[in-house]
2 protein chains.
Amino acid sequence: MNSYCVFERLRAAGLRPTRQRVALCNLIFGSGDRHLSAEELYAEAHRAGEPVSLATVYNTLHQFTDVGIIRPLTGEGQRTYFDTNTSDHHHFFIEEENQMIDIPGEGLRLHQLPEPPEGMEIVNVDVVVRLRRKAAAPAA
Amino acid sequence: MNSYCVFERLRAAGLRPTRQRVALCNLIFGSGDRHLSAEELYAEAHRAGEPVSLATVYNTLHQFTDVGIIRPLTGEGQRTYFDTNTSDHHHFFIEEENQMIDIPGEGLRLHQLPEPPEGMEIVNVDVVVRLRRKAAAPAA
DNA sequence: TTTTATGCAAAACATTTGCAAACCG
DNA sequence: CGGTTTGCAAATGTTTTGCATAAAA
């Protein structure tokens, strides 16, 4: 979470620790697991006084994805979200709020994985549990 | 699959069977379960000599979604795909080809569903099994 | 100095919207 | 007719690209 850590994380990934990348990396990993879009990260950077360009935010998110330190979220919105938690886990999706929430590790278990088609292998499995707000109980 | 069926399907859904809707409905449901995007359906309609506008294709897909005869696919591309199979089933996703394939019903089983957060209820569960072509065995 | 990254503005897409004209019942 | 639906074209929102400038090694 401190800068060294970020420096090393970037170096280890083979990315030059430029000012922008360090700043974005700090924002991304500075507060636990998160889900964020390019636009959000861009806004955050500017709020934090780091004037990166939107194009750089996109580039950076893709570079981070390529080296595996974040991963894109499977969802159906038009906007792409990235997850800072690259370990195997799944998500709730609240449609009305367009919000993704992590499902705690033990919450869901896959019992049987399907046989992939000939010549294919499974990379990973994403589960999205779509949620809706329960109809409020009628006030008495 | 013939026109009556489509007429009735549309009426049952409370949609006026206009020429365009009937044509699109025939294309969508004319050949078994499919996954298609607005752009693809638009191209197909034109190939079939039914000159609908792209806007109408979008409108129609959304109307059909609203009345529940098709459903949007959970995926991570920028383009939205729709599935003519609205029953509970899951998908393989081949990244290199950007292609979704149905997983046969028995192929995957969820063992334990997570407890939704307070005040929420589960609408449905989408599982995407990401696939990759196996590395070819090195030629001897 | 050489390579690589950044920023800007413009391009490329996918999708939505507003409104007049056409269509369904 | 009267309310819907359509089609067009323009607007919107997101993501990508090209290229000159700036920064890292």
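Each chain gets a letter, A, B and so on, in the order its sequence line appears, and its residues count up from 1.
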- Please name all residues satisfying ring-ring contact (aromatic ring centres under 6.0 Å, His included) with A:His89, sequence neighbours left out, ordered by chain then number. A:His91

Rounded to the nearest Å, what distance is computed from the [atom1] atom of residue [X] to the [atom2] atom of nucleotide [N]?
X: B:Tyr42; N: C:dC13; atom1: OH; atom2: P; answer: 16 Å
X: A:His46; N: C:dT6; atom1: NE2; atom2: P; answer: 13 Å
X: A:Gln63; N: C:dA5; atom1: CD; atom2: P; answer: 6 Å
X: A:Leu15; N: D:dA24; atom1: CG; atom2: P; answer: 15 Å
X: B:Glu40; N: C:dA14; atom1: CD; atom2: P; answer: 11 Å
X: A:Gln20; N: D:dA23; atom1: CD; atom2: P; answer: 9 Å
X: A:Leu61; N: C:dT6; atom1: CG; atom2: C1'; answer: 15 Å
X: B:Leu36; N: C:dT15; atom1: CG; atom2: P; answer: 12 Å

- Six-ring centre of A:Phe29, A:Arg9 cation under 6.0 angstrom, axis tolerance 45°: yes

- Is the shortest side-chain N/O distance from B:Ser53 to OP1 or OP2 of D:dG7 below 4.0 Å? yes

- Query: Looking only at side-chain N and O atoms, does A:Thr18 come under 4.0 Å of OP1 or OP2 in C:dT6?
  - Reply: yes

I'd like a list of close polar pairs between nucleotides 1-4 of chain C and the protein, N/O only, cut-off under 3.5 Å.
| unit_1 | atom_1 | unit_2 | atom_2 | d |
| --- | --- | --- | --- | --- |
| C:dT3 | O2 | A:Arg16 | NH2 | 3.3 |
| C:dT4 | O4' | A:Arg16 | NH1 | 3.4 |
| C:dT4 | O4' | A:Arg16 | NH2 | 3.2 |

Can you sort out the partners of [X] under side chain to side chain contact (heavy atoms under 4.5 Å, CB included), two or more places apart, ordered by chain and number?
X: A:Ala38; answer: A:Val57, A:Tyr58, A:Leu61
X: B:Gln63; answer: B:Leu15, B:Arg21, B:Asn59, B:Thr60
X: A:His46; answer: A:Tyr42, A:Pro51

- Residue pairs passing the salt bridge (Lys or Arg N to Asp or Glu O under 4.0 Å) test with at least one member in residues 55-71 of chain A, sequence neighbours excluded, are A:Arg71-A:Asp126

- Note on the structure: Contacts satisfying salt bridge (Lys or Arg N to Asp or Glu O under 4.0 Å) that involve residues 42-64 of chain B (not counting sequence neighbours) are B:Arg19-B:Glu50, B:Arg34-B:Glu44

Distances under 3.5 Å only, N/O to N/O: pair up the protein atoms with those of nucleotides 11-20 of chain D.
| unit_1 | atom_1 | unit_2 | atom_2 | d |
| --- | --- | --- | --- | --- |
| D:dT14 | OP1 | A:Arg79 | NE | 2.9 |
| D:dT14 | OP1 | A:Arg79 | NH2 | 2.4 |
| D:dT15 | OP1 | A:Thr80 | N | 2.6 |
| D:dT15 | OP1 | A:Thr80 | OG1 | 3.0 |
| D:dT15 | OP2 | A:Tyr58 | OH | 2.3 |
| D:dT15 | O5' | A:Tyr58 | OH | 3.1 |
| D:dT16 | OP2 | A:His62 | ND1 | 3.4 |

Side-chain donor-acceptor distances from residues 109-117 of chain A under 3.5 Å, at least two apart:
| unit_1 | atom_1 | unit_2 | atom_2 | d |
| --- | --- | --- | --- | --- |
| A:Arg109 | NH2 | B:Gln112 | OE1 | 2.7 |
| A:Gln112 | OE1 | B:Arg109 | NH2 | 2.7 |
| A:Gln112 | NE2 | B:Glu106 | O | 3.3 |

- Query: A:Pro51 or B:Arg11: which one's nearest nucleotide on DNA chain C is closer to the 5' end?
  - Reply: A:Pro51

- Query: More 5' along DNA chain C: A:Thr56 or B:Pro17, using each one's nearest nucleotide?
  - Reply: A:Thr56

- Message: Once side chain to side chain donor-acceptor pair (under 3.5 Å) is applied, do any residues pair with A:Ser53, and if so which ones, sequence neighbours excluded?
- Response: A:Thr56

- Query: Only one of A:His35, A:Glu40, A:Gln99 forms a side chain to side chain donor-acceptor pair (under 3.5 Å) with A:Tyr81, so which one is it?
  - Reply: A:Glu40

- Task: Please name the pair of heavy atoms, one in B:Thr74 and one in B:Val128, separated by the smallest distance, quoted to 0.1 Å.
- Result: O-CG2, 3.6 Å

- Using rotation axes that map the C1' atoms of four end pairs onto the next four (five pairs an end), what angle separates the end axes of the helix from C:dT1-D:dA25 to C:dG25-D:dC1, to 10°? 30°

- Sequence neighbours excluded, which residues qualify as salt bridge (Lys or Arg N to Asp or Glu O under 4.0 Å) partners of B:Glu39? none

